[in-house]
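Counting from 1, the numbers follow the sequence of the chain as shown.
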Amino acid sequence: MATPAESCRGRGGGSAVRSWWWLSALLLSSLPVARALVEGLYCGTEVCYDVLGVTREASKAEIARSYRQLARRYHPDRFRPGEPGSEGETVESAHRNFLLVATAYETLKDEDTRRDYDYMLDHPEEYYQHYYTYYRRQLTPKVDVRIVILVTICAISLFQYYSWHSSYNEAINCLANVPKYRIQATLIAKEQGLLNRTKEKGKNRRAKEEIREQEEEVIRDIIKTKIDIKGGYQKPNLSDILLCQIVLFPYYLISYVAWYVSWVYHFTICREEYGDQEKLYIIRKHMKISQSQFDRLDEATRQSFLEKHLWVKENFELYRAEQEEEMKVKMATDPKMKRYRRWRKNEGPGRLTFDD
């Protein structure tokens, strides 16, 4: 049977154990907050709210007001050692405090960043998640990516249209200096009465340079209207630039799907006969050229394709073999090609000689 002293020691030991358990629980409860403050994230081992001297329930106005007061106090341009309220502070410590205050304000002024920071304080065990969230916000561009993409597309479209317009004007200027087209344009302008010079007297009389510039502009306009330029020098069209192509892409896609379904229904399921347009389309696909290249062919050439039934695969293969054979014969008999082969053999880029 236990003596009173032993019973007293037992009760004392139990209270000591309970006090130790209570102290351990208190220490463990303080560990998550300590682990939540990671060096390198936000304010480091300092709590951003404590740095600014506000509570977690503080409004944005209170946070901004506290930041302005502390920034004026620690700003390197305004801090003076020895002033009232700055006892024990040095220039270096004031600079560190200013950077810490600025970091705390940058963290708490934004709602999303403040929400992430509060989540880190409340969930310190999600260590790697906090690193990911912090650096994702730090490295993500501040400007909306959609705006950047839109501005880039607009810039490319403007450059594209300007380049095409310059190429078109260059082609018109070149054709205006070709005698064949210039004479034809001059005759058309005279028939339309655009180049009939009238005698001008007095103040209405113009200089020769002005009259020549006007006539040149008339010839250019005639060439623009009468000549259909294809390829890279064709007249620029707004629907061909990148921005319009992206905007009209759903329309083009729907049109293509509708055309393809119609093609399959009429010519695959119903077995209808091909029309001239369908035959020319199949021929172009066999030749593997673009629509613009095919449009540059004259009407007689396209009509000859139809007469030879080149939309049939076997006929087209035979036609291509004939064309290749004719090209070989031409290269073998053409004097220019003979001179070229002779140059390649004797003095071409693949021959090394001691000649100067």
Undergrad: Could I get the full list of ring-ring contact (aromatic ring centres under 6.0 Å, His included) partners for H309, not counting sequence neighbours?
TA: W311
Undergrad: Run Y49 and R114 through side chain to side chain donor-acceptor pair (under 3.5 Å) and show every step you take.
TA: CA-CA 10 Å; Y49 293 101; R114 183 177 181 179; 3.1 Å; yes
Undergrad: Starting at CE of M327, measure out to NZ of K330 and round the result to the nearest 0.5 Å.
TA: 5.5 Å
Undergrad: Under the rule for side chain to side chain contact (heavy atoms under 4.5 Å, CB included), what residues qualify as partners of P335, not counting sequence neighbours?
TA: R339
Undergrad: Does D50 reach the main-chain N or O of G53 with its side chain, forming a donor-acceptor pair under 3.5 Å?
TA: no
Undergrad: Output the distance between atom CG (D118) and atom CE (M120), rounded to the nearest 0.5 Å.
TA: 9.5 Å
Undergrad: With rounding to the nearest 0.5 Å, note down the distance linking CD1 in I241 to OH in Y161.
TA: 8.5 Å
Undergrad: Would you check if Y42 and D116 make a side-chain contact, meaning some heavy-atom pair closer than 4.5 Å?
TA: yes
Undergrad: So, using side chain to side chain contact (heavy atoms under 4.5 Å, CB included) as the criterion, who are the partners of K313 when residues are at least two apart?
TA: H286, E317
Undergrad: Does H75 have any ring-ring contact (aromatic ring centres under 6.0 Å, His included) partners at least two apart in sequence or in another chain, and if so, which?
TA: F98
Undergrad: Compare all side-chain heavy atoms of Y128 with those of Y132 and state whether any distance is below 4.5 angstrom.
TA: no
Undergrad: Ignoring hydrogens, what is the shortest heavy-atom contact between I219 and A185? Give both atom names and the distance.
TA: CG2-CB, 3.9 Å
Undergrad: For K109, which residues count as a salt bridge (Lys or Arg N to Asp or Glu O under 4.0 Å) partner, sequence neighbours excluded?
TA: E106
Undergrad: Show your working on side-chain contact (heavy atoms from CB on, under 4.5 Å) between Y168 and K224 and close with a plain yes or no.
TA: CA-CA 10 Å; Y168 177 71; K224 286 181 181 179; 3.6 Å; yes
Undergrad: Test of understanding: with salt bridge (Lys or Arg N to Asp or Glu O under 4.0 Å), list the residues that count as partners of E216, not counting sequence neighbours.
TA: R182
Undergrad: Could you tell me the separation between the CD1 atom of I63 and the OG1 atom of T107, rounded to the nearest 0.5 Å?
TA: 10.5 Å
Undergrad: Report yes if some heavy atom in the side chain of N315 is under 4.5 Å from a heavy atom in the side chain of K308; otherwise report no.
TA: no
Undergrad: Please tell me whether T301 and S304 have a donor and an acceptor in their side chains that are separated by less than 3.5 angstrom.
TA: no
Undergrad: Side-chain donor-acceptor pairs under 3.5 Å in residues 249-260, sequence neighbours left out?
TA:
unit_1: S255; atom_1: OG; unit_2: Y251; atom_2: O; d: 2.8

Undergrad: Do we see a donor-acceptor contact under 3.5 Å between the side chains of E126 and Y119?
TA: yes
Undergrad: Sequence neighbours excluded, which residues qualify as ring-ring contact (aromatic ring centres under 6.0 Å, His included) partners of Y274?
TA: W263, F267
Undergrad: Using the salt bridge (Lys or Arg N to Asp or Glu O under 4.0 Å) criterion, which residues pair with R96? Sequence neighbours excluded.
TA: none
Undergrad: Rounded to the nearest 0.5 Å, how far does NE2 of H130 lie from OH of Y117?
TA: 11.0 Å
Undergrad: Between R302 and E299, is the salt bridge (charged side-chain N to carboxylate O under 4.0 Å, His left out) condition met? List the steps.
TA: CA-CA 5 Å; R302 284 182 284 184; E299 187 64 29; 3.4 Å; yes
Undergrad: Would you call L306 and I283 a side-chain contact if the rule is heavy atoms closer than 4.5 Å?
TA: yes
Undergrad: Using the side-chain hydrogen bond (donor to acceptor under 3.5 Å, both in side chains) rule, collect all pairs that involve residues 52-70, keeping only residues at least two apart or in two chains.
TA: R56-D122
Undergrad: Do R115 and D112 sit within salt-bridge range, that is, some charged N less than 4.0 Å from a carboxylate O?
TA: yes
Undergrad: With the side chain counted from C-beta on, respond yes when L297 and F305 share a heavy-atom pair under 4.5 Å apart, and no when they do not.
TA: yes
Undergrad: Check whether S163 reaches the backbone of F159 with its side chain - one donor and one acceptor, N or O, closer than 3.5 Å.
TA: no
Undergrad: Please walk me through it: do T90 and S93 pass side chain to side chain donor-acceptor pair (under 3.5 Å)?
TA: CA-CA 5 Å; T90 61; S93 62; 3.1 Å; yes
Undergrad: Would the distance check show the side chain of Y134 and the main-chain N or O of Q129 forming a donor-acceptor pair, the cut-off being under 3.5 Å?
TA: no
Undergrad: Kindly indicate whether the side chain of P76, heavy atoms from C-beta on, has any atom under 4.5 Å from the side chain of V91.
TA: no
Undergrad: For D240, what residues pass the side chain to side chain contact (heavy atoms under 4.5 Å, CB included) criterion, not counting sequence neighbours?
TA: W164, Q234, N237, Q245
Undergrad: Taking only residues two or more places apart in sequence or in another chain, which ones pass salt bridge (Lys or Arg N to Asp or Glu O under 4.0 Å) with R136?
TA: none
Undergrad: Looking at side-chain heavy atoms only, is the closest gap between F294 and L280 below 4.5 Å?
TA: yes
Undergrad: Distance from Q160 atom CD to I153 atom CD1, nearest 0.5 Å?
TA: 11.5 Å
